[in-house]
Amino acid sequence: MQVTDFLEVLDQEGRLLAAAAAAAGPGADVPPCPGWRVRDLVRHLGAVHRWAAALVAGRATARPPFGDPPEPADDELVSWYRDSHRLVVDTLAAAPADLECWTFHPAPNPSPLAFWARRQAHETAVHRYDAESARGGEPSPIARDFAVDGIDELLRGFHARDQSRLRSEQPRVLRVRAVDAGPDAVWTVRLTAGPALTVRTAEGEAEAELSGAADQLYLALWNRTAIPQVTGDPALATLWRERSGI
């Protein structure tokens with residue numbers, strides 16, 4: 001996917017999130033995020049948008065402090081979020097292709113601009129699902145190619161970081177497969193006491209496989225829904241649920 005593709009998704013997902021938050025109301029529970037209400041979700045994501053926009057606009061070369069999220073009043077919450085979302089979309093759209101700034105995980109990206117467009121698009125898509133869960137009703141669809149990209153970012157980006165808790169004292173091998181996205185949509189995750197090592201191929205034998213349609217698997221790997229299908233050792237699916245939180 002290209003930067004323009006991610007920006008298009010980011011724009012759409014933020015609009016959907018705002019509409020869902022308005023329909024649910026600020027006090028509604030967010031089922032995928034125990035302990036959160038819609039106001040917590042919207043404040044969090046709006047603050048992330050503003051933080052990322054400032055980082056990109058300022059060409060930050062190190063991680064800037066995040067600080068405490070703003071606390072707009074309930075009757076201003078959705079409007080404040082829409083302004084936050086528009087700020088990050090417009091900032092990324094105006095940034096040069098050769099942007100140099102800080103990024104925070106090693107997932108393959110052609111540039112810092114691609115990193116931030118990608119990261120904000122996936123952050124918003126997952127939280128849009130959360131907001132729609134609070135609202136109730138059928139959630140908006142997730143495009144297959146975007147879901148595959150998000151699985152790749154999660155496995156080869158977040159869980160390659162030192163901060164990842166997805167580890168096993170005994171070496172284990174896990175396969176992840178999006179069954180509707182062709183032969184390239186498969187990952188082999190080698191778990192050790194250090195950060196996971198993931199390659200995008202069915203490399204060697206695996207002790208368990210997590211699989212499903214790309215959109216379902218995307219949400220499941222972000223611990224929003226149940227894993228569609230588990231074959232092999234179910235303990236690896238349990239390990240994922242218990243240790244893969246970001």
Side-chain angles (χ1 to χ4, degrees), residues 1-57 64 66-95 113-147 149-150 153-154 214-216 218-225 245-246:
M1 296 180 67
Q2 303 299 313
V3 169
T4 53
D5 300 318
F6 289 122
L7 291 179
E8 182 177 344
V9 173
L10 171 59
D11 186 58
Q12 178 183 15
E13 293 288 350
R15 293 173 188 271
L16 290 170
L17 187 149
D29 289 329
V30 182
C33 305
W36 267 18
R37 298 184 184 275
V38 166
R39 66 171 62 87
D40 304 306
L41 171 67
V42 172
R43 286 171 179 167
H44 164 75
L45 188 56
V48 168
H49 287 334
R50 289 172 184 259
W51 175 80
L55 186 160
V56 169
F66 189 76
D68 295 326
E71 296 191 5
D74 283 352
D75 61 351
E76 300 173 351
L77 187 65
V78 173
S79 176
W80 173 82
Y81 174 75
R82 288 190 171 112
D83 289 344
S84 306
H85 171 246
R86 180 48 44 198
L87 175 64
V88 77
V89 171
D90 290 348
T91 299
L92 289 165
L113 178 58
F115 173 92
W116 284 108
R118 181 192 208 193
R119 178 82 293 278
Q120 287 294 289
H122 287 297
E123 178 90 3
T124 309
V126 171
H127 285 317
R128 182 270 300 161
Y129 177 84
D130 295 336
E132 291 184 341
S133 297
R135 179 204 63 196
E138 192 71 19
S140 302
I142 298 170
R144 183 181 61 195
D145 289 350
F146 180 72
D149 181 83
E153 187 207 30
L154 180 61
D215 59 341
Q216 298 172 15
Y218 174 76
L219 291 171
L221 293 175
W222 277 103
N223 292 312
R224 263 48 187 189
T225 60
I246 302 301

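Predicted, not measured: the structure shown is a model, and the values here were computed from it. Counting from 1, the numbers follow the sequence of the chain as shown.
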*Output all residues satisfying side chain to side chain contact (heavy atoms under 4.5 Å, CB included) with Glu123, sequence neighbours left out; order by chain, then residue number.*
His44, Leu45, Val48, Arg119, His127

_With rounding to the nearest 0.5 angstrom, report the OG1 to CG distance, Thr124 to Leu10._
5.0 Å

*Do you know which two heavy atoms are closest between Trp222 and Ile246, and how far apart they sit?*
CZ3-CG1, 3.5 Å

*Will you find, in the side chains of Ser140 and Glu132, an N or O donor that is under 3.5 Å from an N or O acceptor?*
yes

*asked:* Using a 3.5 Å distance criterion without hydrogens, assess whether the side chain of Arg135 forms a donor-acceptor pair with backbone atoms of Ala19.
replied: no

*Just by modelled atom types, is the Pro69 backbone N or O under 3.5 Å from a matching donor or acceptor in the Trp51 side chain?*
no

*asked:* Arg224: which residues meet the side-chain hydrogen bond (donor to acceptor under 3.5 Å, both in side chains) condition with it, sequence neighbours left out?
replied: Asp130

_salt bridge (charged side-chain N to carboxylate O under 4.0 Å, His left out): pairs with one or both residues in residues 14-29, sequence neighbours excluded_ = Asp11-Arg15, Asp29-Arg37

*asked:* Looking at every heavy atom in both Ser84 and Gly46, which two are closest together, and how far apart are they?
replied: CB-O, 3.6 Å

*Who passes salt bridge (Lys or Arg N to Asp or Glu O under 4.0 Å) against Asp5, sequence neighbours left out?*
none

_Any side-chain heavy-atom pair of Asp145 and Asp149 under 4.5 Å_ = no

*Phe6 side, atom CZ; Leu92 side, atom CG - distance, nearest 0.5 Å*: 11.5 Å

*Which pair of heavy atoms, one from Ala147 and one from Ile142, lies closest together, and at what distance?*
CB-CG2, 3.9 Å

*When rounded to the nearest 0.5 angstrom, what distance separates CG in Asp90 from NE2 in His85?*
9.5 Å

*Side chain Gln120, main chain Ala52, donor-acceptor under 3.5 Å*: no

_Restricting to non-hydrogen atoms, name the atom on Val3 and the atom on Ala114 that form the minimum distance, rounded to 0.1 Å._
CG2-CA, 3.7 Å

*Shortest non-hydrogen separation from Tyr218 to Gly150 and the atoms involved*: CE1-CA, 3.6 Å

_His122 and Glu153: CA distance, side-chain angles, deciding distance, side chain to side chain contact (heavy atoms under 4.5 Å, CB included) verdict_ = CA-CA 9 Å; His122 287 297; Glu153 187 207 30; 3.8 Å; yes

*asked:* Once side-chain hydrogen bond (donor to acceptor under 3.5 Å, both in side chains) is applied, do any residues pair with Asp83, and if so which ones, sequence neighbours excluded?
replied: none

_From Leu113 atom CG to Leu7 atom CG, the distance as rounded to the nearest 0.5 Å_ = 7.0 Å

*When rounded to the nearest 0.5 angstrom, what distance separates CG in Leu17 from CD in Gln12?*
12.0 Å

Only pairs under 3.5 Å count here: list side-chain donor-acceptor contacts from residues 71-81, not counting sequence neighbours, and write none if there are none.
residue, atom, partner, partner atom, Å
Asp74, OD1, Arg39, NE, 3.0
Asp74, OD2, Arg39, NH2, 2.8
Tyr81, OH, His49, NE2, 2.9

_Show the nearest heavy-atom pair for residues Val42 and Ala21, with the distance to one decimal._
CG2-CB, 3.7 Å

